[in-house]
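Letters go in sequence order (proteins before strands), and every chain restarts at 1.
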Amino acid sequence: MPIRLSSLFLRTLREDPADAEVESHKLLLRAGYIRRAAAGIYTWLPLGLAVKAKIEKIVREEMAAAGAQEVFFPALLPRDAYEVTGRWTEYGDNLFRLQDRRKNDYLLAPTHEEMFTLLVKDLYSSYKDLPVCLYQIQNKYRDEARARGGLLRGREFVMKDAYSFDIDDAGLEKSYQAQRDAYERIFQRLGVEYVIVKADAGAMGGSASEEFLSPSPIGEDTFVRSPGGYAANVEAVKTPAPEARSIEGLPAAEVRDTPNSSTIASLVEAAGITAADTLKNVVLALVSPEGKRSLVMVGIPGDREVDTKRAEAAFSPNEVEAATEEDFKKYPELVKGYIGPKADGFVGIKYFVDPRVITGTSWVTGANVEGKHVFNFVYGRDFEADGIKDIAEVRAGDPSPDGSGPLELARGIEIGHVFQLGRKYAEALDLKVLDENGKLITVTMGSYGIGITRLVAVLAEANHDEKGLIWPEAVSPADVYIVAAGKEEENYAAAERIAYEFEAEGKTVILDDRPKVSPGVKFGDAELIGVPYVIICGRGIANNEVDFWDRRSGERRTVPLNLVSLQL
RNA sequence: CGGGAUGUGGCGCAAUUUGGUAGCGCACCUGUUUUGGGAACAGGGGGCUGCAGGUUCAAAUCCUGUCAUCCCGACCA
């Protein structure tokens, strides 16, 4: 049966809703795909549901092809499982918590690692059962501090999450590759542009991790790529260290007066050097998961700022904050504005340096005395560090870690994430199986996510013009959109006939059979709703002709009625 | 959580400065005419102005509190 606009639950809007900012959000609301129920929570209308179902269908087909089996967990979970892994507390304010009538704690699941792990533990106990890969397509709940962009970052959203279970690392590698390949096929079939970037795996304690980003100026993730094909999330970029140089013959370190030069800018101005010649020593406060606060100092080239995300990744699982006045008070040795590395170090403060600070490099840096800096301060001769921390900002033009050329910075929307979790959850939840020698071994896991509802937004974002949406064929709510225009009965009859012909061929049809609606309104709605092919049954019907519109190219042509079905 | 802004029929907005009891466009309903680019005319339905207090003869408007929403930032397995 064609979807009839005369009875479809739909109301299109002529004006942009005031609280929508990004195009996909505006258009999905205007074209009647979704309605806002609360901040970051959306109701799906028939058209929206059709698009979502198309995406899910493709995902299911490719998951099956990759050997994954579908299950379905509750979204409402008891506290227990999350207590074992510590996430009941660790997840913080982002977790939706609630109680039942007996005051037992529950949560709305933000993710399901625990449940999958426990399910496999529940049913399997032999290496012969593995590998196995399970997935679900499910609502997730995260009480985001700030939902944004409509479907782009919601507090309730649909995610496909898959988990692989293997007995060893080689198996995990294979399972990971199978999912990664499936993701490539899924995104290709959906017609969505994507870049696979290396991601930082630190926080989750696993090893390999890659994100699928869809490049977009409204993306929340910044990534880098090189002409030679390197791509990584900024958090994961490893700054290449230059070759160590000889210390021989370098001028001796020299403390000079540099009054009123407590900032890099004023120092550069006063000393006639460049910011890149200076070593900026940033004091950071680390807050451990247990809430303990400690200070560290990191020396980075003076022309760069600290990238908070990179710092968080480098010091994970600690949280990183700027040191406060109170922190400084506890360490009177630190002379603000003139802080520098000390041969014997500061008591209680670890000192790290940027990877670019290597043996033989010479710096201008603080002398730990008000109004003085030390020049020709050479790493490996005059000072050392406790280690390397790569927390400085990455800039366009920086060399790629693999030597494949200068990096370019771009924004992207995360649409998928594949991740070798390893044994973190299996260990925490005691998921073990017997191996062929009858010995218990811990299972190793992979985790693979695709943001289904986010994909609706990403596809809308990438496929629209000023008139409305233009869906890729694979996800369009229908294959063809037929408009009965004009008032003549035969136009409506012809539209009906064509609709049933397409349906008979297995195509899905939206039929605008609304009586007494002017052609302009119908054309406008057709363009707004965005089915890629539109057929107009109007004044041409008298000559057995219809108009065929290609929504994407804008091409319009008149075709004989009997050849209509050949157009698709 | 910090900064900014906004809450008025389904949607977009006005009236708030200067208190006087809510209006316009779209959408919706009825009728007539109209039908290839968001028709015309006539008639009509729908709003405790986010909520709670307060001031006042009188509050959408002033005051206090509170809640919510949006944007920027922080945060975001």
Please list, pair by pair, any protein nitrogen or oxygen found under 3.5 Å from a nitrogen or oxygen in nucleotides 39-45 of chain B.
unit_1	atom_1	unit_2	atom_2	d
B:A39	OP2	A:S518	OG	3.1

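- The nucleotide whose nearest atom lies closest to any side-chain atom of A:K487 is, among B:C76, B:C70, B:U35, B:U35.
- A 4.5 Å side-chain heavy-atom check between A:C537 and A:I498 finds at least one atom pair inside the cut-off.
- Picking from B:G36, B:C76, B:G38 the nucleotide with the shortest atom distance to the side chain of A:R539 gives B:G36.
- Partner A:E527 forms a salt bridge (charged side-chain N to carboxylate O under 4.0 Å, His left out) with one of A:K522, A:R552, A:R551, A:R556 and no other, that one being A:R556.
- Residue contacts shown for A:R11 are limited to sugar-phosphate atoms, with no base heavy atom under 4.0 Å away.
- Residue A:R514 is out of contact with every strand shown, counting any heavy-atom pair closer than 4.0 Å.
- B:U16 and B:G3 have their P atoms separated by 29 Å, given to the nearest Å.
- Using a 4.0 Å heavy-atom distance criterion, A:K26 is classed as making no nucleic acid contact.
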Contacts under 3.5 Å, N or O only, protein and nucleotides 11-15 of chain B:
unit_1	atom_1	unit_2	atom_2	d
B:G12	OP1	A:A18	N	2.8
B:G12	O2'	A:E15	OE2	3.2

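- Residue contacts shown for A:T12 are absent, as no nucleic acid heavy atom lies under 4.0 Å away.
- Nearest-nucleotide positions on RNA chain B place A:E488 closer to the 5' end than the other of A:V320 and A:E488.
- For A:R153 and B:C76, a side-chain-to-base donor-acceptor distance below 3.5 Å is present, hydrogens and geometry of angles not being considered.
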Open item on the list: Let me check I have this right: for RNA chain B, each base becomes ., (, ), [, ] or |, based on Watson-Crick or G-U pairs with both distances under 3.5 Å. What is the full string?
Closed with: (((((((..((((......[..)))).((((((.....)))))).....(((((..]....))))))))))))....

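- Contacts of A:A147 with the nucleic acid, taken as non-hydrogen atoms under 4.0 Å apart, involve only primed sugar atoms and P, OP1 or OP2.
- Nucleic acid contact class of A:A39 (heavy atoms, under 4.0 Å, all strands): sugar-phosphate only.
- Between B:G23 and B:G46, the distance separating the two C1' atoms is 14 Å to the nearest Å.
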